[in-house]
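Heads up, the thing below is written out as structure tokens.
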Amino acid sequence: MENQIVKIKSLSSLEKCFLDEKLRSKKEVNKFIMFKNERLSFQFAYEMAPKTPDQILRGKVELEGEIAEYAKVRRVVSIPSYWIDRGGADYDYLRTEPGLYPDMLADLQYRGQACIVKNQLHSLWVDIKLPKEFESGNYKFTLKMTDKDRVLCEKTVEIKVISAELPKQKTIHTEWFYTDCIANYYGVKAFSEKHWKYIESFMQTAVDNGINMILMPLFTPEIDTYIGGERLTTQLLDIEVVGKDQYKFDFSKVDRWIALCKKCGVDYFEIPHFFTQWGAQNAPKIVAKVNGKMKKIFGWKTEALGDEYKNFLRALLPEMIKHFKEKGIDKNCFYHVSDEPSMSVLEHYKACRELLSEYLSDYPIIDALSNVDFYKTGAITKPVPHIPSIDKFLNLNIDGLWVYYCGESGRVSTCRIFAHSLTRTRVLGVQMYKYNIEGFLHWGYNFYNNWNSYDTVDPCLDSTGNYFVPSGDTYIVYPGKDGKALESIRLNALREAMDDIKALQLCEELKGRDFVINLINETAGMELTFFDYPKTSDFLVKLRNRVAMEIENCK
């Protein structure tokens, strides 16, 4: 209902509400459809009415309706952005200036109250997750804010719960998970009990949002480390040098990691790159006990194909595979050689790949790759192309193709930086479904460092990695109090993208692939591609609702 004290609207989860915007600019959505087992997200945006004399009000958030007890409400917090784009911003950017951008999801404060500030637009984020036994049907859900005995604002939405359930996620989704960044931010010792506790929070948050593959730090990942530099040692594998080219391996911490992954619901395990980034010239940092003392035995001074490191790999790899088989995870492991190799290192890369293939020939080896000519040499059989380069790879009809993106968007392709709409982030799911993409990789789940990890960065204060990349590329989760991972609205958009794929796949099982592809293009009003798609949120909201009802009508 309208109220002269506070104005309020219900919005889709795809809106970004900037503090200096007006409520009238936001399109209201007051009817939602959800699968019985999915997590439904939407927002309530609010502002103080112009004639209200107060500068700040604090409203107690109250929920009503049969669904209310299953709802969680958080506030959308704006985060500073010093750098938005690299000078090539296209028409689909929301803004290009430094400022405050809505992104972090945090708990309500003042024991369940929300602040209402004069001349500022704020929003509350609502998640609804129903128990398995909850009955399908139509429900009303009301949020209101009260101040003592007066109602400041009140809004009711309709939620249709259909009887169908989304299937288990088949698409593989990994966002590189950095245990060192967690330890550095909280100032705890690597793999101390506190560190394990914090890792669990960040891991569970990832899984809850459709990230089903986790980077396992068997040894410290050498990703984004300047030449000659080191990141905090976060090596799960305990190694002891017992003779020349002889090693004893202790998988105790690895086993704890595997057990934690299974507890959180992780399906796939990603092993760090066995060689340094962008050329595979050196070995990653690996530490071991030598004569009773811990020592770095490999690193930047170690040649990738030197005898010492080759012999080490020939000792490690068979033991690693044997152990993974005993743990029942070997068929769910993915491996890397080196990131984005160029034609100048082709023969060297092939030699590194061949060394690994002596033991990993039965397992997928994936690497980020934008050069299609490099792929055509056969050096990589399972490439992960950069989406702006995807067309060249799609034309080759590669089975089990993956994709990735990073900070520079290019050709209005999907991405997840602060200045993009959430539609542009979430549309990835429909695109991946249409082109039968097997997996999605991004390099920054919680990268809290600057360029090449010279220094650490507080992501709540600097979202660019100290002018490393446009805001939002380095992470999609925030470090909260006491090791609690805090979601971003961008992380939620990616979760919805994975749910979109599941809904489309279920619809395909019932109605056929041609029907679903036609439904996508018809709803889009165009032939949807990785670069051509509707830029407004209406498309994704309408498509998801149409797919849901097509599925429900088949029951």
Side-chain angles (χ1 to χ4, degrees), residues 2-29 41-61 73-85 89 92-110 112-127 143 145 147 152-153 155 416-425 458-464 470-473 475-478 480 486-493 536-537:
E2 288 295 330
N3 190 287
Q4 294 302 308
I5 303 174
V6 176
K7 295 183 177 181
I8 187 168
K9 277 185 179 180
S10 50
L11 311 176
S12 82
S13 59
L14 296 173
E15 288 285 350
K16 288 188 176 181
C17 295
F18 291 85
L19 295 175
D20 60 354
E21 289 186 302
K22 299 299 181 183
L23 188 63
R24 63 175 177 270
S25 69
K26 301 300 175 184
K27 181 176 180 179
E28 185 161 63
V29 178
S41 299
F42 57 93
Q43 300 176 79
F44 288 100
Y46 59 91
E47 66 183 7
M48 198 177 294
K51 295 182 180 180
T52 303
D54 304 87
Q55 291 298 311
I56 295 178
L57 294 170
R58 293 177 180 86
K60 178 72 173 177
V61 177
V73 180
R74 290 172 288 177
R75 56 196 173 98
V76 180
V77 179
S78 293
I79 300 296
S81 171
Y82 309 128
W83 189 38
I84 285 303
D85 73 280
D92 194 37
Y93 275 61
L94 299 175
R95 298 185 175 196
T96 57
E97 303 83 14
L100 295 173
Y101 284 71
D103 193 55
M104 183 170 70
L105 292 174
D107 291 338
L108 297 175
Q109 295 183 315
Y110 298 104
Q113 297 184 81
C115 290
I116 304 139
V117 185
K118 193 78 168 182
N119 297 322
Q120 289 187 10
L121 180 64
H122 289 263
S123 69
L124 296 175
W125 188 274
V126 179
D127 288 315
L143 180 143
M145 287 191 275
D147 177 16
L152 301 176
C153 61
K155 187 67 183 177
R416 55 97 179 274
I417 66 174
F418 278 18
H420 286 164
S421 69
L422 291 172
T423 296
R424 187 164 171 172
T425 303
D458 185 340
C460 300
L461 300 177
D462 186 347
S463 53
T464 70
S471 287
D473 195 40
Y475 64 86
I476 47 173
V477 66
Y478 289 87
L486 300 180
E487 296 176 0
S488 66
I489 58 177
R490 295 170 298 122
L491 176 59
N492 275 268
T536 64
S537 61

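Any value given below was found using the heavy atoms of this structure, including those in side chains, with hydrogens, waters and symmetry copies removed. In this chain, residues are counted from 1 in sequence order.
The side chain to side chain contact (heavy atoms under 4.5 Å, CB included) test with L152 singles out one residue from I116, T52, I8, and that residue is I116.
Counting heavy atoms from C-beta on, the side chains of C460 and Y478 come closer than 4.5 Å. A heavy-atom distance below 4.5 Å is found between the side chains of D473 and R416. Here the side chains of Q43 and L124 are not in contact, with every heavy-atom distance at 4.5 Å or above. In this structure, P470 and H420 have side chains that are not in contact, with every pair of non-hydrogen atoms separated by 4.5 Å or more. Residues P102 and F418 are not in side-chain contact: their nearest non-hydrogen atoms beyond the backbone lie 4.5 Å or more apart. The closest side-chain heavy-atom distance from V126 to F44 is below 4.5 Å. S488 is not listed as a side-chain neighbour of M104, based on a closest heavy-atom distance of 4.5 Å or more. The shortest distance between side-chain heavy atoms of L11 and K9 falls below 4.5 Å.
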One pair to check against side chain to side chain contact (heavy atoms under 4.5 Å, CB included): K51 and I5. What are the steps and the verdict? CA-CA 8 Å; K51 295 182 180 180; I5 303 174; over 6 Å; no

In sequence, state the C-alpha distance, the side-chain angles, and the governing distance for V61 and L143, and then conclude on side chain to side chain contact (heavy atoms under 4.5 Å, CB included). CA-CA 7 Å; V61 177; L143 180 143; 3.9 Å; yes

Might you work through the side chain to side chain contact (heavy atoms under 4.5 Å, CB included) test for Y93 and I84, ending with a clear yes or no? CA-CA 9 Å; Y93 275 61; I84 285 303; 4.0 Å; yes

Side chain to side chain contact (heavy atoms under 4.5 Å, CB included) between Q109 and R75, worked out: CA-CA 9 Å; Q109 295 183 315; R75 56 196 173 98; 3.1 Å; yes

Using salt bridge (charged side-chain N to carboxylate O under 4.0 Å, His left out), reason through D103 and R490 one step at a time and then give a plain yes or no. CA-CA 7 Å; D103 193 55; R490 295 170 298 122; 2.7 Å; yes

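Atoms CZ and CG, on R424 and L94 in that order, are 9.5 Å from each other to the nearest 0.5 Å. Rounding to the nearest 0.5 angstrom, the gap separating the CG atom in D107 from the CG atom in L486 is 7.5 Å. How far CG of L100 is from OG of S81: 9.0 Å, rounded to the nearest 0.5 Å. To the nearest 0.5 Å, atoms SG (C115) and CE (M145) are separated by 10.0 Å. Distance check, rounded to the nearest 0.5 Å: CG of L19 to CD of E47 gives 12.0 Å.
Within the 3.5 Å criterion, the main-chain N or O of P50 finds a donor-acceptor partner in the side chain of K118. In terms of modelled atom types and a separation under 3.5 Å, the side chain of Q113 and the main chain of Y110 share a donor-acceptor contact.
Heavy atoms of other residues, nucleotides or ligands lying less than 6.0 angstrom from OH of Y82 number more than 12. A 6.0 Å sphere centred on NZ of K27 holds no more than 12 heavy atoms belonging to other residues, nucleotides or ligands.
Of all heavy-atom pairs between Y46 and L23, the closest is N-CD1, 4.3 Å. Looking at every heavy atom in both residues, K155 comes nearest to S10 through CE-OG, 3.8 Å. Of all non-hydrogen atoms in P459 and I79, the two that sit nearest each other are O-CG2, 4.0 Å. Closest of all the heavy-atom pairs between L105 and I489 is CD2-CG2, 3.7 Å. Of all heavy-atom pairs spanning D54 and M48, the tightest one is O-SD, 2.9 Å. The minimum heavy-atom distance between L57 and V6, with the atom names listed, is CD1-CG2, 4.4 Å.
Under 4.0 Å is where a charged nitrogen must lie from a carboxylate oxygen, and between R74 and D127 at least one such pair does. Between E15 and K26, at least one side-chain N (NZ, or NE/NH1/NH2) sits under 4.0 Å from a carboxylate O, which counts as a salt bridge.
Qualifying salt bridge (charged side-chain N to carboxylate O under 4.0 Å, His left out) partners for R95, counting only residues two or more places apart in sequence or in other chains: D20.
S471 and S463 share a donor-acceptor pair across their side chains, judged by distance under 3.5 Å alone.
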